[in-house]
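Values reported hereafter were calculated over all heavy atoms of this structure, with side chains retained and with hydrogens, waters and symmetry mates removed. Counting from 1, the numbers follow the sequence of the chain as shown.
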Amino acid sequence: MVIQYQGEQYGKPTTFTIRIIGNNLSKSSSNYQIDLLVGDKQLPIFTTSIHQSLSNCLKEIYLFRKHNGITFNASSEKVSTPLVPYDQVLYNYNKNALFMA
């Protein structure tokens, strides 16, 4: 699943891309990897490369954004297809973690 936001980093307008890679390793658990790209450059943001919950991944992006002057415009969200419907529902449920106050 790929989500794009328009935003800025330290006042400079840019496009941010979040790639969510869901890996179902077993029927009882899922693992997620998220990449954050500014323009076409991937940012090294994660303390671990794989998380057991999408919520933890999005909270990590929030903390990274907060400490690196990055803002997303929530209304500019564009979701690319194809996507897994379950991932879309899970992302929509957890995306408020990206925009915490």
Side-chain angles (χ1 to χ4, degrees):
M1 183 171 160
V2 177
I3 303 107
Q4 286 190 328
Y5 290 99
Q6 297 299 316
E8 37 183 71
Q9 183 174 20
Y10 299 118
K12 180 182 174 188
T14 192
T15 300
F16 297 93
T17 305
I18 300 172
R19 288 190 305 213
I20 300 173
I21 304 154
N23 299 313
N24 290 321
L25 298 178
S26 71
K27 292 183 179 185
S28 63
S29 68
S30 295
N31 292 310
Y32 294 91
Q33 177 183 345
I34 296 189
D35 299 325
L36 177 63
L37 292 89
V38 176
D40 61 351
K41 180 179 150 190
Q42 183 171 340
L43 298 177
I45 62 173
F46 298 104
T47 54
T48 60
S49 61
I50 297 177
H51 295 275
Q52 290 189 339
S53 78
L54 184 58
S55 175
N56 286 345
C57 289
L58 298 178
K59 286 176 187 174
E60 192 162 348
I61 288 178
Y62 166 76
L63 291 173
F64 181 82
R65 287 180 44 231
K66 182 177 177 182
H67 293 288
N68 288 284
I70 297 171
T71 58
F72 290 165
N73 180 354
S75 64
S76 69
E77 178 181 284
K78 292 181 186 175
V79 179
S80 300
T81 55
L83 57 91
V84 177
Y86 177 76
D87 287 345
Q88 175 74 40
V89 170
L90 195 60
Y91 177 77
N92 286 336
Y93 179 79
N94 287 295
K95 73 178 172 184
N96 62 345
L98 284 176
F99 302 103
M100 293 186 289

Chemist: Which heavy atom in Asn73 sits nearest to a heavy atom in Tyr5, and how many Å separate them?
Modeler: O-CD2, 3.6 Å
Chemist: Supply the atom-to-atom distance Glu8 CD to Phe16 CZ, rounded to the nearest 0.5 angstrom.
Modeler: 8.5 Å
Chemist: Say whether Phe72 and Tyr93 are linked into one hydrophobic cluster, either directly or through other cluster members, by side-chain heavy-atom distances under 4.5 angstrom.
Modeler: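 No, because Phe72 and Tyr93 fall into different hydrophobic clusters, even though each may have its own neighbours under 4.5 Å.
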Chemist: Nearest 0.5 Å, what's the NZ-OG1 distance between Lys78 and Thr15?
Modeler: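 The distance works out to 8.0 Å.
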Chemist: Roughly how far, to the nearest 0.5 Å, is CD1 of Ile3 from CD of Glu77?
Modeler: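 Spacing of CD (Glu77) from CD1 (Ile3) equals 6.5 Å.
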Chemist: Measure across Thr17 and Val2 and return the closest heavy-atom pair with its distance rounded to 0.1 Å.
Modeler: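 Heavy atoms only, the tightest pair is CG2-CG1, 3.5 Å.
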Chemist: Give, for atom CG of Asn96 and atom OG of Ser55, the distance between the pair rounded to the nearest 0.5 Å.
Modeler: 8.0 Å
Chemist: Rounded to the nearest 0.5 Å, how far does CG of Asn68 lie from CG of Leu63?
Modeler: 10.5 Å
Chemist: Treating Ile, Leu, Val, Met, Phe, Trp and Tyr as nodes and any side-chain heavy-atom pair under 4.5 angstrom as an edge, say whether Met1 and Leu98 lie in one connected cluster.
Modeler: yes
Chemist: Rounded to the nearest 0.5 Å, what separates atom CD1 in Ile70 from atom CD1 in Ile61?
Modeler: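 Reported to 0.5 Å precision, the distance equals 9.5 Å.
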Chemist: For a quick test of reading the model, state the closest non-hydrogen atom pair linking Asn94 to Leu58 and the distance between them.
Modeler: O-CD1, 3.5 Å
Chemist: Can you give me the closest heavy-atom contact between Arg65 and Phe99, atom names plus distance?
Modeler: NH1-N, 4.4 Å
